[in-house]
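Given the structure is predicted, the values throughout are model-derived calculations rather than measurements. When a ligand or atom number is given, it counts from 1 through the structure's own listing order.
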Amino acid sequence: MRMKDTNPILGWAYRNGIRPALTAGLIVAGIVAAVVLSQPAEYRAEIRILSAGNLSADEVQALATTPGVAARAVTLPALSGYNLSAADFFRGANVEQLLEAGLLRLSVRDTDPGRAAGRALTWAQALCAAATARSATAGLGCYDPNPVVPGKLDNFLGWKLLTAFLLGAVLGYGGAWRKARWNKKENASMAKRNPVKSKGGETAQALIRKLKDGKARIGVVGLGYVGLPLVDVFGRAGFSVVGIDVDANKIEALRKGKSYIEDVPSARIAALVRKGALHATTDFSIVETLDALSICVPTPLRKTGDPDLSFIVNVTEEITKYLHPGMVIVLESTSYPGTTREIMLPKCEAHGLKVGRDLFLAFSPERVDPGRKDWTTVNTPKVIGGITPACLEVALAYYGRAIDEMVPVSSAEAAEMTKLLENTFRAVNIGLVNEIAIICDRLGLDVWEVIEAAATKPFGYMKFTPGPGLGGHCIPIDPLYLSWKLKAVNYNARFIELASEINTNMPRYVVGKVQDALNKQRKSINGSRILVLGVAYKPNVSDLRESPALDVIGLLRQKGAVVEYHDPYVPEIRHESIQLKSVPDLESAIGKADCVVITTNHDSYSWKKILALSRLIVDTRNALGDDGRDSEKVVRL
Ligand SMILES: NC(=O)c1ccc[n+]([C@@H]2O[C@H](COP(=O)([O-])OP(=O)(O)OC[C@H]3O[C@@H](n4cnc5c(N)ncnc54)[C@H](O)[C@@H]3O)[C@@H](O)[C@H]2O)c1
């Protein structure tokens, strides 16, 4: 039930994420157009022939247009380079009038002022020479040796750039305006094609009006990597937002206008707090005052590998104490299909309120990729599925004010499954490429070379890269929610299981590489000093959750290594038995290490320096690139 394009070409472009490219293209087109449209810089040189000797006007005219004279003029060495004849520069000149005024003015245009002057002088000389050749007494007299060379300000480069910039800005703004109009039309078109049969009646309509006007009071429960950016987005859309979290430290920080999430600048939080548009609290009773609520609490796995829905259950139980008619609740935490309907719906209705009539319940997965700048919570299309059509209608109005593009689906379950498809797709492809790395190793091939070559195919291939294993709160966990759910219907999700097995085994594979590399140097892991570089689960973030580096450290320690780590984003690790602080002096730690293991390729590392200082490196991310490939002391995945 994806909305139909009102303009198929623009629709295709927007959906395929080429909006930035489109805008950049428009700006480039603007620059090119401006350069082409504006004339090249022109300068004019004028030279005055002060007397015409004893030639009459007719004679000068005849002289200028006589083929022989023209030919002679052209053969003069100074003139020949300009590819002009004497006739050319007399063309159109009213010689008679000029002579009456006591002078003959030759005017030359050129894009270079010096050249314009030079050409004017040369022509004057040529004219004199031609006249002298015709009659010994017919010299045209002296000419003013200082031609006037006025530059034309309106052709100055700065003006061109300004024109290009303005054109680019107008086109870019036009693009943005068209996009907004496209969204509006698309929403209208969707509404026509898939009319939401509102069963919520007056309550739903009143809530929708409040949401659309920005007068609704919004709440976000769970202010982590997902919840805090959402608070920021709702605040910027003009809503008054309440943030609820059980972590008192986070609440304290927000009250002081401080952000603890890299993607949300403190300045934006501080601005919302100052305006009174953000209130942070640990007290759930504030739900009584809210019109809309998004739930962004963790959905981890239990030690047994089963879904741990206790966070969703706890929050639902807390908020149901304060539910009131005319409220919309949207679950954003990733979970298996059926969570919203099976876990939340009965609790929401337990106090006599009817979902779809009195209150509205929906699921909308968060798709944020922390650290990413091009696709954020605002411009990543938002998939939404309601428990009833009225729930969907209200939820669309809720998010539609703050987020660029809505993707309504037919049910909460479809929205839940969409998120799991996305994350399973990643987990399976990473599993595949990790296995390809192992296969290439067995065949003596360089997997990085093979991947780069495959990635040149312009269609039908998507590049994934191997590494020390999966990390983060989503990819290693979410697919297992799906496979767990499927077990309940007697189905074994084989791709998920297999990918999970390969990915989970990667830290062990990396430790095997370290073992082999040390072995070549007649050393064992036992007793070796090993420095692990980068422990966050991906580059340029501080998120340590499910990071494979933790497993690598644990396995190396089990084998008797003395492990240290360095990560500019993670000052310390407190994870189960691993209690470590990042080494303060990276260079001296590298110098002392028997082996450096690169587990996360943060941009801030100077890889050339690390390579120069290290004795032995196991590079699991191809961070060293060609330098690593060509170095004897580097072992790559
Ligand atoms: N991090 C991501 O990149 C990402 C991306 C998409 C979806 N998700 C999903 O979003 C959900 C949240 O993930 P996250 O990364 O923001 O987690 P997080 O751990 O960063 O944040 C969760 C927040 O919820 C709070 N919390 C826990 N229990 C609570 C309770 N009972 N009441 C109120 N607050 C409570 C925690 O204190 C924490 O601040 C998860 O289901 C995750 O799978 C995460």
Please check whether [X] reaches ligand 1 - meaning an N/O of the residue sits under 3.5 Å from an N/O of the ligand, judged on distance alone.
X: Glu366; value: no
X: Asp543; value: no
X: Glu332; value: no
X: Arg545; value: yes
X: Asn314; value: no
X: Asp245; value: yes

Under 4.0 Å from ligand 1, counting heavy atoms only, is it the side chain of [X], its backbone, both or neither?
X: Leu223; result: backbone
X: Glu318; result: neither
X: Phe284; result: side chain
X: Ser335; result: neither
X: Ser333; result: both

Any idea which atoms of ligand 1 are less than 4.0 Å away from a heavy-atom of Gly224?
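Near Gly224, the atoms of ligand 1 are 16 (O), 18 (P), 20 (O), 21 (O), 23 (C), 39 (O).
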
Taking only non-hydrogen atoms of Val315 and a 4.0 Å limit, the atoms of ligand 1 in range are 30 (C), 31 (N), 32 (N)

If you measure from atom 9 (C) of ligand 1 to every heavy atom of Ile295, Val246, Thr334, which option wins on shortest distance?
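Selected option, by shortest heavy-atom distance: Thr334.
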
Shortest reach to atom 22 (C) of ligand 1 by a heavy atom, considering only Pro298, Pro300, Ala248
Pro298

For His324 and Leu290, indicate whether the former's side chain and the latter's backbone hold a donor-acceptor pair under 3.5 Å.
yes

Under 3.5 Å donor-acceptor, Asn505 side chain and Glu501 backbone:
no

Do Ile598 and Trp607 make a side-chain contact, defined as non-hydrogen atoms from C-beta onward lying under 4.5 Å apart?
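Of all side-chain heavy-atom pairs linking Trp607 with Ile598, at least one is under 4.5 Å.
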
Among Ile451, Thr620, Asn503, whose side chain to side chain contact (heavy atoms under 4.5 Å, CB included) with Pro466 holds?
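Of the listed residues Ile451, Thr620, Asn503, the side chain to side chain contact (heavy atoms under 4.5 Å, CB included) partner of Pro466 is Ile451.
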
Among Met344, Glu349, Arg341, whose side chain to side chain contact (heavy atoms under 4.5 Å, CB included) with Leu361 holds?
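It is Met344; the other options fail the test.
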
Can the ring centroids of Tyr225 and His473 be said to lie less than 6.0 angstrom from one another?
no

Quick one: are the ring centres of Tyr398 and Phe234 less than 6.0 Å apart?
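Yes, they do, as the ring centres are separated by less than 6.0 Å.
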
With no hydrogens and no angle check, do the side chains of Asp308 and Ser310 hold a donor and an acceptor under 3.5 Å apart?
yes

